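Keep in mind it's a predicted model, so treat the numbers as computed, not measured.
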Amino acid sequence: IPGITMRDLGKNPCGIVTFSHEKKQAADIKVELLKRNILVTVSRPNGTRLDSVRRNLPDLVRASPHYFNSEKEINDFIEAVSQIAIAS
């Protein structure tokens, strides 16, 4: 998605993803997603201090899908993030 940077590392990532937008703050993205009934959290640098400082990370959006999320819900999430990113 243009403007979105995935921030997860590792060869075998799990379903939890963190990302940032080049212009939009994580808290603003969270609010926009909540308006669409999509729940995410904001991961702040003080929560992962060593990694955040070393990588100079901003606040990140953290999405934590689980076994009960449907494929449609995942696709709706991706579409919502795309719309929010483009609207910036």
*Asks:* Count the heavy atoms of every other residue, nucleotide or ligand shown that sit under 6.0 Å from CD of Glu73, and state whether that count exceeds 12.
*Replies:*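 Yes, enclosed.
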*Asks:* Looking at Thr41, Val40, Ile4, which hits side chain to side chain contact (heavy atoms under 4.5 Å, CB included) with Val61?
*Replies:*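 Of the listed options, the one satisfying the test is Val40.
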*Asks:* Assess whether atom CD of Glu22 is packed by more than 12 heavy atoms of other residues, nucleotides or ligands within 6.0 Å.
*Replies:*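 Yes - once you tally the heavy atoms of other residues, nucleotides and ligands closer than 6.0 Å, there are more than 12.
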*Asks:* Does Arg36 reach the side chain of Ile84, with side-chain heavy atoms less than 4.5 Å apart?
*Replies:* yes
*Asks:* Taking the side chain as C-beta and beyond, is there a heavy-atom pair between Val31 and Lys35 under 4.5 Å?
*Replies:*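 Of all side-chain heavy-atom pairs linking Lys35 with Val31, at least one is under 4.5 Å.
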*Asks:* Taking atom CG of Leu34 and atom CG of Leu39, what is their separation to the nearest 0.5 Å?
*Replies:* 6.0 Å
*Asks:* Are any non-hydrogen side-chain atoms of Arg55 and Arg7 less than 4.5 angstrom apart?
*Replies:*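 Arg55 vs Arg7: side chains touch.
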*Asks:* Rounded to the nearest 0.5 Å, what separates atom CG in Leu57 from atom OG1 in Thr18?
*Replies:*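 Atom-to-atom, Leu57:CG and Thr18:OG1 are 8.0 Å apart.
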*Asks:* Measure the NZ-CD1 distance between Lys30 and Ile38 for me, rounded to the nearest 0.5 Å.
*Replies:* 13.5 Å
*Asks:* Would you say the side chain of Val17 lies within less than 4.5 Å of the side chain of Met6, judging by non-hydrogen atoms?
*Replies:* yes
*Asks:* Does any non-hydrogen side-chain atom of Arg62 lie less than 4.5 Å from one of Leu60?
*Replies:*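 Not in contact.
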*Asks:* Any side-chain heavy-atom pair from Ser64 and His66 closer than 4.5 angstrom?
*Replies:*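 Of all side-chain heavy-atom pairs linking His66 with Ser64, none is under 4.5 Å.
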*Asks:* Going from NZ on Lys23 to CG on Asp28, what distance comes out if it is rounded to the nearest 0.5 angstrom?
*Replies:*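 It comes to 14.5 Å.
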*Asks:* Measuring from atom CD1 of Ile1 to atom CD1 of Ile78, what distance do you get when rounded to the nearest 0.5 angstrom?
*Replies:* 6.5 Å
*Asks:* May I ask whether Ile74 and Phe19 are part of the same hydrophobic cluster, defined by side-chain heavy atoms of I, L, V, M, F, W, Y residues being less than 4.5 angstrom apart, directly or through others?
*Replies:*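 Ile74 clusters together with Phe19.
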*Asks:* Hey, are the side chains of Phe77 and Leu33 touching, using non-hydrogen atoms and a 4.5 Å cut-off?
*Replies:* yes
*Asks:* If you round to the nearest 0.5 Å, how far is OG of Ser20 from CD1 of Ile29?
*Replies:*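 Nearest 0.5 Å value for the CD1-OG distance: 7.5 Å.
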